[in-house]
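Because only heavy atoms are used, hydrogens play no part in the values below, and waters and symmetry mates are left out as well, while side chains stay in. Note that ligands are numbered from 1 as they come in the structure, with each ligand's atoms numbered from 1 the same way.
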Amino acid sequence: PFNLQQTLFKSTSVDSKITDIDHKRVQIKLSESLKPLIPDKDLVFGRNFTDHMLMIEWNAKDGWSDPIIQPYGKISLEPSAMVFHYSFECFEGLKAYKDKEGKLRLFRPDMNMKRLWKSAARLTLPVFNEDELLECLKILIRLEERWVPAKRGFSLYIRPTLIGTQASLGIGSNSRAILFIICSPCGPYFRTGFSAVRLLSTFKNVRAWPGGTGDAKIGGNYSPCVKPQIEAAEKGYQQNLWLFGPDDEITEVGTMNCFVLLDNENGETELVTPPLDGTILAGVTRDSILQLARTWKELKVSERKITMSEVVKALKEGRLREMFGSGTACIVTPIKEINYRGQDLKVPLDPNDASSNAGPITRRISDTLMGIQYGEIPHEWSVVL
Ligand code: PMP
């Protein structure tokens with residue numbers, strides 16, 4: 001049976017036969033017929049896939065196999081594979097961008113590799129050398145270069161996925177697993193500038209809870225959130241505002257982290273996001289926004305608990321400034337309205353521009369991050385391939 005400590009030890013031990021991921025051993029089996037590219041206007045998120053995928057198999061006896069880049073296609077698994085029964089699955093989402101000079105860039109990909117490692121460990125799926133996995137990913141992206149759209153706002157979405165494949169109905173850790181990476185070209189989240197969203201605050205269902213797995217990016221966290229999402233959509237709201245606990249703490253927005261900009265009771269302008277207490281996914285965008293806003297030295301930047309009653313009070317007293325969700329897909333999504341226990345709360349957008357769909361700080365964060373991602377603002381976060 002898989003043992004995390006043993007695997008960690010063995011993966012670093014020189015004379016062990018158990019192997020770790022090694023990018024120098026990547027084998028490439030090219031596809032014989034390349035697919036036509038999808039015109040930018042026809043791109044629907046997550047529906048089209050590139051010509052190749054990366055596959056790395058693992059078993060408890062030998063460790064990780066040689067990584068193989070092969071034509072994108074079906075994988076064959078026994079129906080008894082544990083992924084189908086007990087959700088042994090974790091994944092990541094990051095993007096490759098093409099800058100004005102045609103160079104390929106990734107945004108803080110080391111963060112995604114570390115988060116996948118953490119999610120894998122939480123599920124007792126095999127862990128791996130994150131730097132080596134990133135090097136394998138880079139080889140795949142270089143090979144799929146023609147699929148990375150050149151237009152600003154467009155990108156190649158990359159989905160590393162790890163599944164437990166042991167054929168067994170007995171619940172336990174997996175002795176077999178597969179790590180694969182697939183890629184999908186995608187367009188901008190909002191085709192015509194920002195589009196502020198309406199949220200339905202959700203407390204009957206909860207996304208995550210103390211001691212649960214809300215801080216891991218595992219498939220099992222996502223499927224139960226679809227029904228509440230559909231219920232919100234039926235009432236005319238684009239996303240759920242996930243609340244938690246007796247005092248309706250704000251946790252996340254749909255599959256995004258949540259930020260509130262307000263003038264606090266001490267008269268300071270404060271950018272608040274809930275703390276990483278185990279119920280929140282540690283978003284790469286969240287971390288980037290916190291770091292950027294701290295370097296500006298213009299706002300108080302806080303990772304702290306924030307409740308709906310604090311937001312309602314700030315709104316009533318004219319102190320609520322902006323709210324937005326953050327994530328790789330959209331960078332930031334402005335929030336314009338929240339239905340909270342039957343009341344529709346209007347969140348301010350831009351006080352100086354009534355026709356605007358985003359407040360000034362939301363806009364500045366979006367412009368800065370996008371500038372870094374597309375290599376227009378030099379920054380160590382943007383990794384050139
Ligand atoms: N929260 C959840 C639940 C998510 O699925 C995501 C998307 N990965 C995020 C937040 C945002 O994370 P990131 O900024 O790394 O995309």
Visitor: Going by the salt bridge (Lys or Arg N to Asp or Glu O under 4.0 Å) test, which pairs reach into residues 265-279, not counting sequence neighbours?
Guide: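 Checked against salt bridge (Lys or Arg N to Asp or Glu O under 4.0 Å) - neighbours excluded - the pairs reaching residues 265-279 are Glu265-Lys313, Glu265-Arg319, Glu268-Lys300, Glu270-Arg304.
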Visitor: Please give the N or O to N or O pairs under 3.5 Å between ligand 1 and the protein, distances rounded to 0.1 Å.
Guide:
| unit_1 | atom_1 | unit_2 | atom_2 | d |
| --- | --- | --- | --- | --- |
| ligand 1 | 1 (N) | Glu252 | OE1 | 2.5 |
| ligand 1 | 5 (O) | Lys217 | NZ | 3.2 |
| ligand 1 | 5 (O) | Tyr222 | OH | 2.5 |
| ligand 1 | 8 (N) | Lys217 | NZ | 2.8 |
| ligand 1 | 14 (O) | Val284 | N | 3.3 |
| ligand 1 | 14 (O) | Thr285 | N | 2.9 |
| ligand 1 | 14 (O) | Thr285 | OG1 | 2.6 |
| ligand 1 | 15 (O) | Arg115 | NH1 | 2.9 |
| ligand 1 | 15 (O) | Arg115 | NH2 | 3.2 |
| ligand 1 | 15 (O) | Val284 | N | 2.8 |
| ligand 1 | 16 (O) | Thr328 | N | 2.9 |
| ligand 1 | 16 (O) | Thr328 | OG1 | 2.6 |

Visitor: Do Lys100 and Tyr374 have a side chain donor and acceptor closer than 3.5 Å?
Guide: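 Not at all, the side chains of Lys100 and Tyr374 share no donor-acceptor pair under 3.5 Å.
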Visitor: If only side-chain N and O atoms count, and only distance matters, is there a donor-acceptor pair under 3.5 Å linking Ser184 with Asn48?
Guide: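 No donor-acceptor contact under 3.5 Å links the two side chains.
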Visitor: Looking at the rings of Phe45 and Tyr157, which for Trp means the six-membered one, are their centres under 6.0 Å apart?
Guide: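 When the ring centroids of Phe45 and Tyr157 are compared, they turn out to be within the sub-6.0 Å range.
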Visitor: Residues in ring pair (Phe, Tyr, Trp, His ring centres under 6.0 Å) with His85, at least two apart?
Guide: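 For His85 there are no ring pair (Phe, Tyr, Trp, His ring centres under 6.0 Å) partners, ignoring immediate neighbours.
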Visitor: Please tabulate, for side-chain N and O atoms in residues 70-83, each donor-acceptor pair with protein atoms closer than 3.5 Å (sequence neighbours left out).
Guide:
none

